[in-house]
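Just so it is clear: chains get the letters A, B, ... in the order the sequence lines come, proteins before strands, and each one is counted from 1. The analysis underlying the following values was restricted to heavy atoms, covering all of them including side chains, and did not include hydrogens, waters or symmetry mates.
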There are 2 protein chains.
Amino acid sequence: MTKKTTIYDIAKKLNITAATVSRALNKNPKISDATKELVLKTATEMNYEQNKLAQALKNGKSYNVGVIVSRIDSNFFASIIRGIEEELFNHGYHVIICQTNNNEKMEAENINTLLNAQVDGILMSISNINIDKNIMFKKLLNKKIPLLFFDRKKSIPGISSITIDDFSAGYKATQHLIDEGCKRISHLSVDRNFEIFRDRFLGYKQALSDNNIPFDESLVIETKSNIEAGKEATKKLLKLQNPPDAIFSSSDFSALGAIQELKSQGIKIPQEVCVVGFSNEPFTKFMELSISSIDQSPVEMGKTTARVFIQQIKNKEKHVEQKVVLEPKLIIRKSSSKQNPSK
Amino acid sequence: MTKKTTIYDIAKKLNITAATVSRALNKNPKISDATKELVLKTATEMNYEQNKLAQALKNGKSYNVGVIVSRIDSNFFASIIRGIEEELFNHGYHVIICQTNNNEKMEAENINTLLNAQVDGILMSISNINIDKNIMFKKLLNKKIPLLFFDRKKSIPGISSITIDDFSAGYKATQHLIDEGCKRISHLSVDRNFEIFRDRFLGYKQALSDNNIPFDESLVIETKSNIEAGKEATKKLLKLQNPPDAIFSSSDFSALGAIQELKSQGIKIPQEVCVVGFSNEPFTKFMELSISSIDQSPVEMGKTTARVFIQQIKNKEKHVEQKVVLEPKLIIRKSSSKQNPSK
DNA sequence: CTGTTAGCGCTTTCAA
DNA sequence: TTGAAAGCGCTAACAG
């Protein structure tokens, strides 16, 4: 519980000046090896600890990075953050996390407090904030600190983003279902104001078109990303005159709901209806009837986001806009393997 | 991209002094409402943003709290962090997350960088650090900033902890299996150097004893917390002369492994063997054969941890040691419901 | 109710 | 190679 030792204490003890101590500690080449060593030694002796705060104030660099997500207790975001943290830690940065619950007000508030905290950058999966009107967001854009989007992005000139190719993901999933012999493929979509969900939908549509399967509006239902919603949507689909023989869901949770509903109505999966989800949530693999899904390699996405951030920090002025697009992986499991249901 | 405005800029514009501006901004009661209003107004006009760094340096309070866990991409820890963040946000604190991967070196390093970053407190789920020998940890204990344990604690005088009653959890799970009519209950344990795993084991043992069921060493296997380990352990158990009719696992993942192994050997669950896991991971609920488990209410645990931290910060000197013990909830699902397998 | 002054701990010109 | 001095932006004690 002793008083903190500062560079002044070290300086006094060594009869040198604080500036020299500072330089020695920072391995400044203009300091003689002798004093360097001496300073380092006494520093540890006196239990000296660098005060990053003072350093940050002086240098205008806090070595803190803000990460904004809707919620952290989703495997997808948690994995991204894991990637970010691991990568950034190696560069001496700390990660401050903020949750928005998809609430615009919270998004703005988080940006605000992060800016006040003088973070060196903000990495965010953007949700409902209005990028044209929101004052906080505009303020953020005017800052010199890098802003990066991951997963959920908005297209803004000069702003980098790290995403997966959601169009390709939608396409792959749909093509796979077609390859399995499905003819009437329905799609459980989520709010298509989000680019990611719109792109998945467009990929789905394109795959149909490329295979000369007519697009049927009634087979597309926009719903929430949860089990109950998946059930409800599936109920509706099954009431159609001509019900689907496959469901591609933009969410693993609604895919699970769909499966539960299908089962409860005695419909065989995958024989009668194939199902593919999205995100490769852990549970999809664990189910007895394992669920096919799209893997977004979230840890990799996080690491990449961190790397791009580091690049931008290093390059100072020339913040080249980077649009990194990771390729999604289709994971085929039982819920959509007619050929080889033992898979 | 304009230069940051400081309180000095505001002061100059208003022909008052920076101190007054500071006071006005901080709603100091000794400032006239007139100037207060004026300052606030010009502050927003000039796009003023408080620099928390300077404030922190001056006050010795960063309003940052460090949270150390083994990994963030586990539903349990992610949920705890969710709770912590939500609660702390309301008090103006930010959460810096660190992952250790159960590695002592990383644990120490994280403590070190967090202290350098001048966090106002450290909330951690401790794993392998040696509290008697590790220099960094001792340094931490000598600090005036609060240290709190959640979930995985060590008993240290003066240090508060927020845990669940793991003994009770082990007891409840075992008692439930006994109530289901199981006679030979095995236990998949994890490294019992951790208090939590030891306590679960002890609860298990106590329940057996209270029900006059002899404790059989051969039914207890210490294993890792993953599917493969669960399978392996179960294989061993099934080779016993007198195999178990129930498995209580300290981990949902090894419980899942156990279930997979049992099934592959054609053993009926729960009719022939009942299974109870631990942690109430999301997947346990989603399985067709849903898995009974112990819910640790992680979000609540996080919120409670945050609240205790806030208390300690407010009470300054009198850091009363608090040992909050939350009651675990047994969630009975299909994997252990002989009576009512439809449950 | 407001101004003056000093300082949190560190870095960084400028000089020597 | 090192020292002296100023300042990052803010707050608090003291004075008026």
Side-chain angles (χ1 to χ4, degrees), chain A residues 2-40 42-43 46-64 92 115-120 143-145, chain B residues 2-40 42-43 46-64 92 115-120 143-145:
Chain A
T2 51
K3 196 93 194 87
K4 261 173 214 150
T5 60
T6 73
I7 52 174
Y8 281 95
D9 301 324
I10 303 180
K12 199 178 292 173
K13 183 156 192 177
L14 261 39
N15 264 324
I16 54 177
T17 173
T20 310
V21 175
S22 168
R23 283 188 273 247
L25 255 20
N26 292 320
K27 313 216 184 305
N28 186 315
K30 317 197 148 182
I31 295 290
S32 77
D33 288 347
T35 38
K36 238 182 234 175
E37 212 172 315
L38 189 61
V39 168
L40 253 12
T42 34
M46 300 179 72
N47 269 312
Y48 170 75
E49 295 163 43
Q50 180 164 232
N51 185 331
K52 291 258 178 204
L53 239 42
Q55 204 181 226
L57 178 61
K58 179 69 192 170
N59 296 339
K61 273 201 83 177
S62 66
Y63 276 96
N64 282 150
L115 289 180
N116 286 173
Q118 310 299 122
V119 292
D120 295 344
K143 293 274 171 183
K144 61 190 176 322
I145 66 166
Chain B
T2 51
K3 198 94 192 79
K4 262 174 215 152
T5 60
T6 74
I7 53 173
Y8 282 95
D9 302 323
I10 302 180
K12 199 179 291 171
K13 183 155 190 180
L14 261 38
N15 265 322
I16 53 178
T17 173
T20 310
V21 175
S22 168
R23 284 187 273 246
L25 255 20
N26 291 319
K27 313 219 185 303
N28 185 314
K30 315 196 149 182
I31 295 290
S32 77
D33 290 347
T35 38
K36 237 181 232 172
E37 212 171 314
L38 191 61
V39 168
L40 254 11
T42 34
M46 300 178 72
N47 269 314
Y48 169 76
E49 295 163 43
Q50 181 164 231
N51 185 331
K52 291 258 178 205
L53 240 42
Q55 206 182 225
L57 179 60
K58 177 69 191 171
N59 297 339
K61 272 201 81 173
S62 66
Y63 275 96
N64 282 151
L115 289 180
N116 285 174
Q118 311 297 125
V119 292
D120 295 343
K143 293 276 172 181
K144 62 191 176 319
I145 66 165

Out of [options], whichever nucleotide has its closest atom nearest the side chain of [X]:
X: A/Leu57; options: D/dG9, D/dC10, D/dA12; value: D/dG9
X: B/Lys58; options: C/dG9, C/dC10, C/dG7; value: C/dG7
X: A/Ser22; options: D/dT2, C/dT12, C/dG3; value: C/dT12
X: A/Ser32; options: C/dT2, D/dT2, D/dA12; value: D/dT2
X: A/Arg23; options: D/dT11, C/dC1, D/dG3; value: D/dG3
X: A/Ile7; options: D/dG9, C/dT11, C/dT2; value: C/dT11

To the nearest angstrom, how far is [X] atom [atom1] from [N] atom [atom2]?
X: A/Lys30; N: C/dT11; atom1: NZ; atom2: P; value: 16 Å
X: A/Asn28; N: C/dC10; atom1: CG; atom2: C1'; value: 14 Å
X: A/Ile10; N: C/dT11; atom1: CD1; atom2: P; value: 11 Å
X: B/Asn116; N: C/dG9; atom1: CG; atom2: C1'; value: 13 Å
X: B/Lys36; N: C/dC1; atom1: NZ; atom2: P; value: 8 Å
X: B/Ile16; N: D/dG16; atom1: CD1; atom2: C1'; value: 17 Å
X: A/Gln55; N: D/dC8; atom1: CD; atom2: C1'; value: 13 Å
X: B/Leu25; N: D/dT11; atom1: CG; atom2: P; value: 8 Å

(message) By nearest heavy atom, map B/Asn59 and B/Ala19 onto DNA chain C; which one lands nearer the 5' end?
(response)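 Going by which nucleotide is closer to the 5' end, it is B/Ala19.
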Taking the side chain from [X] and the backbone from [Y], do they hold a donor-acceptor pair closer than 3.5 Å?
X: A/Asn28; Y: A/Lys30; value: yes
X: B/Ser22; Y: B/Ala18; value: no
X: B/Asp120; Y: B/Tyr63; value: yes

At under 4.0 Å, does any side-chain N or O of [X] touch on OP1 or OP2 of [N]?
X: B/Gln50; N: D/dT11; answer: yes
X: A/Thr35; N: D/dT2; answer: yes
X: A/Asn26; N: C/dT11; answer: yes

(message) Using the side chain to side chain contact (heavy atoms under 4.5 Å, CB included) definition, which of the options A/Leu38, A/Ile7, A/Asp9, A/Leu40 pairs with A/Val21?
(response) A/Ile7
(request) Measure across B/Gln118 and A/Asn51 and return the closest heavy-atom pair with its distance rounded to 0.1 Å. (result) CG-OD1, 3.3 Å
(request) Would you mind reporting whether B/Lys143 and B/Val119 have side-chain heavy atoms less than 4.5 Å apart? (result) no
(request) State, with a plain yes or no, whether a side-chain heavy atom of A/Ile31 is found less than 4.5 Å away from one of A/Asn26. (result) no
(request) Note down the inter-axis angle between the two ends of the helix from C/dC1-D/dG16 to C/dA16-D/dT1, five pairs each, to the nearest 10°. (result) 30°
(message) Under a 3.5 Å cutoff, is there a donor and acceptor pairing between the side chains of B/Thr20 and B/Thr17?
(response) no
(request) Would you classify A/Leu53 as touching base, sugar-phosphate or nothing, given that sugar-phosphate means primed atoms plus P, OP1 and OP2, and contacts are heavy atoms under 4.0 Å? (result)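 Counting heavy atoms under 4.0 Å across all strands, no contact is made by A/Leu53.
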(message) By nearest heavy atom, map A/Thr17 and A/Tyr8 onto DNA chain D; which one lands nearer the 5' end?
(response) A/Thr17
(request) For A/Ile31 and for B/Glu49, locate the closest nucleotide of DNA chain D by heavy-atom distance; then report the residue assigned to the nucleotide nearer the 5' terminus. (result) A/Ile31
